[in-house]
Amino acid sequence: MRFIVSTSTLLKHLQIVNGASSSSTVLPILENFLFEIKDGLLTISATDLQTSMTTSLSVESKEEGRVAVPSKILLDTLKTLPDQPITFIIDDNNFAIEISAGDGKYKLSGENADDFPKIPVVDNASSLNVPASVLSEAITKTIFAVSNDELRPAMTGVFCQLSPQNITFVATDAHKLVRYTRNDCKADKASSFILPKKALTLLKSALPNSDVNVAIDYNATSAFFKFDNINLVCRLIDERYPDYEAVIPANNPNKLIIDRALFLNTLRRVVIFANKTTHQVRLKINGSELNISSEDLDFANEAHERLSCQYDGEDLEIGFNARFLIEMLNNLNGEEVTLELSTPNRAGLLIPQTNDENENVLMLVMPVMLNNSY
């Protein structure tokens, strides 16, 4: 089997799917890319058995064939080569691979493609289409709030709720929660599933900037994403997602409106002086004035800043982990945000002030108990 391809084109496609491959000691074949050539089209696959990615590109070849190629050595080689035509010659008997590029020749051992796991196909699937920009925005807005706690597997992914009215994406780690709803995307029937974080990270980096439609097929066990010449299939997290609606406080009489960038930059400064374990900041709201302060008693560090804001409610003092607030404000759009509060021991809600009717974003952050030392 022989084919010719440009180094930069091949590298770009390999980097897209590489994240799906696995450095598995149990199954060394997972450290390979699967190359399949048919009718001048090279299809490249990578998998870790939970998530699989496939991409295809045109190459110069009159033959057909399949081989598993070691991913690390191939990527490392291509990264150092200039953009030029590169020729692959594969011995169909012992899977030896010879690569010729300019004046260089490189030999490596491939493996039998039949040992490579079969890329799953989603059968009996329901389907919907979502613009790439919407999907990318939904992942960005939610993925930072996903939990890393393997003891609560349901929370290690993003919960997708589909309905004939809208699509909602939810992520939480029990300290913070994000609910992102799109009213301009709909499904034929109500359904829900949990997408794993790794698949979403891969999907986000592969999604194009142009607004193509992403075809999503899903069944009880897997979800399949297809756009341009890229396919991604992942196993869904088979768990029951917690009742997140019950956590969102409905009655929040205290509403603070503030400039998002100003609030964000103040928190970034004040948290430098906070306790390095708790990252606790204190928000004290009096009339139209917001005082943000922090302290680290171990090092006698403290910081105080005063901001003006619009506030409707009773005077209030509440503590938060500043890192959570900073993450949320970083992932919100709009010049101003509303912080809705009820009491110092109940969750606060961050809602952006935007005019986009199609987008509805709500972020929730749990408070931390204040020690009244200052």
**OP:** Identify whether the distance between the nearest side-chain nitrogen and carboxylate oxygen of Arg282 and Glu295 falls below 4.0 Å.
**Re:** no

Original post:
Between Glu305 and Arg269, does a salt bridge (charged side-chain N to carboxylate O under 4.0 Å, His left out) hold up when you go through it step by step?
Top reply: CA-CA 9 Å; Glu305 286 208 32; Arg269 282 191 297 275; 2.7 Å; yes

**OP:** Going by the side-chain contact (heavy atoms from CB on, under 4.5 Å) test, name the single residue among Ile285, Leu349, Leu283 that passes it with Leu341.
**Re:** Ile285

Original post:
Is any side-chain heavy atom of Val59 closer than 4.5 Å to a side-chain heavy atom of Leu42?
Top reply: yes

Original post:
Heavy-atom distance under 4.5 Å between the side chains of Leu30 and Pro117, does that happen here?
Top reply: yes

**OP:** Would you check, one step at a time, whether the test side chain to side chain donor-acceptor pair (under 3.5 Å) holds for Glu289 with Tyr311?
**Re:** CA-CA 8 Å; Glu289 197 172 271; Tyr311 183 61; over 6 Å; no

**OP:** Could you tell me whether the side chain of Val361 reaches within less than 4.5 Å of the side chain of Leu332, counting heavy atoms only?
**Re:** yes

Subject >> Qualifying residues under salt bridge (charged side-chain N to carboxylate O under 4.0 Å, His left out), relative to Asp296, sequence neighbours excluded >> reply: none

Subject >> Presence of salt bridge, Arg260 and Glu335, under 4.0 angstrom >> reply: no

For residues 125-140, which side-chain N or O atoms pair as donor and acceptor with protein atoms under 3.5 Å away, sequence neighbours left out?
| unit_1 | atom_1 | unit_2 | atom_2 | d |
| --- | --- | --- | --- | --- |
| Ser126 | OG | Lys189 | NZ | 2.7 |
| Ser127 | OG | Asp217 | OD1 | 2.8 |
| Ser133 | OG | Asp211 | OD1 | 3.0 |
| Ser133 | OG | Asp211 | OD2 | 3.1 |
| Ser136 | OG | Lys204 | NZ | 3.4 |
| Glu137 | OE2 | Lys141 | NZ | 2.4 |
| Glu137 | OE2 | Asn333 | ND2 | 3.2 |
| Thr140 | OG1 | Ser136 | O | 2.9 |
| Thr140 | OG1 | Lys204 | NZ | 3.2 |

Original post:
Counting distance only, does the side-chain N/O of Thr338 pair as donor-acceptor with the main-chain N or O of Ile257 below 3.5 Å?
Top reply: no

Subject >> Whether over 12 other heavy atoms sit under 6.0 Å from Glu245 CD >> reply: yes

Subject >> Non-hydrogen side-chain atoms of Leu350 and Leu364 separated by less than 4.5 Å >> reply: no

Original post:
Can you pull the side chain to side chain donor-acceptor pair (under 3.5 Å) pairs that have at least one residue in residues 96-123, sequence neighbours excluded?
Top reply: Arg66-Asp114

